[in-house]
Amino acid sequence: MTGFRALPSVDQVLLSDRGRALIDAHGRAVVTAALRARLDAARAAIKGGADGETEAARLPHLLAADLAAGAASKLRPMLNLTGTVLHTNLGRAILAEEAIEAASAAMAAPLALEFDLDGGGRGQRDDHLRGLLCELTGAEDATIVNNNAAAVLIALNTFGQGRQAIVSRGELIEIGGAFRMPDIMARAGAQLVEVGTTNRTHPRDYEGAITAETGLILKVHTSNYRIEGFTAEVPAPALAQIARKAGVVLLNDLGSGSLVDLAAYGLRREPTVAEAVAEGADLITFSGDKLLGGPQAGFIVGRRDLIAQINRNPLKRAVRLDKIRIAALEATLRLYRDPDRLAQRLPTLRHLARPQSDIAAQAERLAPRVGALLPDYSVTATDCASQIGSGSLPTDTIPSAGLRITGQGGDAPDRLSARLRALPCPVVGHIRDGALILDLRCLDRDDDLLRALSA
Ligand SMILES: *Cc1c(COP(=O)(O)O)cnc(C)c1O
């Protein structure tokens, strides 16, 4: 028992100068709970034969470390040097300054979210975005929901519940995170009618499947894979004709859906939302935080009468957006009204459009300086390949540059990765051919990396 007596009481610790400082920093409840846990652990160790004095001496340090670890948010800002610009696991798009300012202002004060400042009556929260979306896409009307998955779900439910929804077998996709088209369809209450084959679907396949029970035809952009070789799909304009003739809704899920032609920024073309509207789909769904470069959101644009039906669906209330994101989206969409400055102002596009020569110069500049901060490793500039991410243009890579870091021993890249992830500002890259690669495409300032590594 002498061992236990070496340990202080809870009150002794809380009333000490050290204890008071911890309470100032973390609050009494948290410190007391952490202290109790540490004392329990120390008693268990002593019971197992550990020395009481030693356990008592270790206690203050261990307690402080527990509290510091508990206080550090895992959601702290980090550097995405993976080479994947829109990394779903890292939160996808980072927002433009304009969007960040609008979101902070919306957080700090009331705003006319559903209030008509002109007439003083009730307004609609979507009104702030509808005009902009129609202007930028050429659509008649628009509605906004939590994300594109919700956009697809509510559209399928509105027009397919208790009815049939026709989809090509080549487009029955899984997006990841368990978003599988057949499952979403079932949850929406629609009966899935598959047509065609994995590689080829023809107009007659759709025409032959239309019955009195058909609610809609769904076309899905195969965002995250590509079928190549002996293939055929029915283009949207032809599908629009088939749907119109049969009097059913054509829903085109674009997934990423860009508002600008990416070819202008040196990337491969992705169908724009305006093109999809012009092709004649009744409704088009796309994401807010993929190529568009805004916060998480889902958009449905298209025919006014159909959008009105979606807005009357009780699910709309369950998947609506909050004021913070509406404010950020409005600011993001406004940037698209000035395409000339878009690539400077919208981080997603700025990163995607960065020329390789620019990134390579940055890699040459940074290699010796990063090498000096990592004395046990060898750091050289290297060419590498970035990806857009989030299922956009999945088979395309963008020439990029970065740092190639190697060290002693086969596990050197893994060990270094773990160290960089544990930094106050975590740095993540990817491992390739026995080296850690830090793709610099998304590194706006050299200093951000140097400061993160110095910590
Ligand atoms: C990404 C994607 C979705 C889901 O969009 P979220 O905004 O992630 O909810 C749906 N359909 C397609 C084709 C996609 O690429």
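The first residue of the sequence shown is numbered 1, and numbering continues consecutively from there. Counting convention: from 1, in listed order, for ligands and their atoms alike.
In summary, the atoms of ligand 1 found under 4.0 Å from a heavy atom of S287, numbered by their order in the structure, are 5 (O), 6 (P), 7 (O). Listed by number with element, the atoms of ligand 1 under 4.0 Å from a non-hydrogen atom of K290 are 1 (C), 2 (C), 3 (C), 5 (O), 14 (C), 15 (O). The I173 neighbourhood of ligand 1 comprises atoms 13 (C), with distances under 4.0 Å to a heavy atom of that residue.
K219 and N252 are not linked by any side-chain donor-acceptor pair at a separation below 3.5 angstrom, with hydrogens and angles left out of the test. Counting only N and O atoms by type, the side chains of R187 and N157 include no donor and acceptor under 3.5 Å apart. Between the side chains of Q164 and T211, at least one donor-acceptor pair of N or O atoms lies under 3.5 Å. Between the side chains of D446 and Q362, a donor-acceptor pair is found at a separation under 3.5 Å. If you check the side chains of S390 and T88, you find a donor sitting under 3.5 Å from an acceptor.
Nearest to atom 4 (C) of ligand 1 by heavy-atom distance, out of A149, G288, G257, G255, is A149. Comparing heavy-atom distances from atom 8 (O) of ligand 1 across R92, H221, E171, Q296 singles out R92 as nearest.
Closest of all the heavy-atom pairs between A455 and L423 is O-CD2, 3.8 Å.
When hydrogens are left out, the protein atom nearest atom 15 (O) of ligand 1 is S223 OG, 2.5 Å; that is the closest non-hydrogen contact. Regarding atom 3 (C) of ligand 1, its nearest protein heavy-atom neighbour is N148 ND2, 3.4 Å.
Ligand 1 has a nitrogen or oxygen under 3.5 angstrom from a nitrogen or oxygen of D253.
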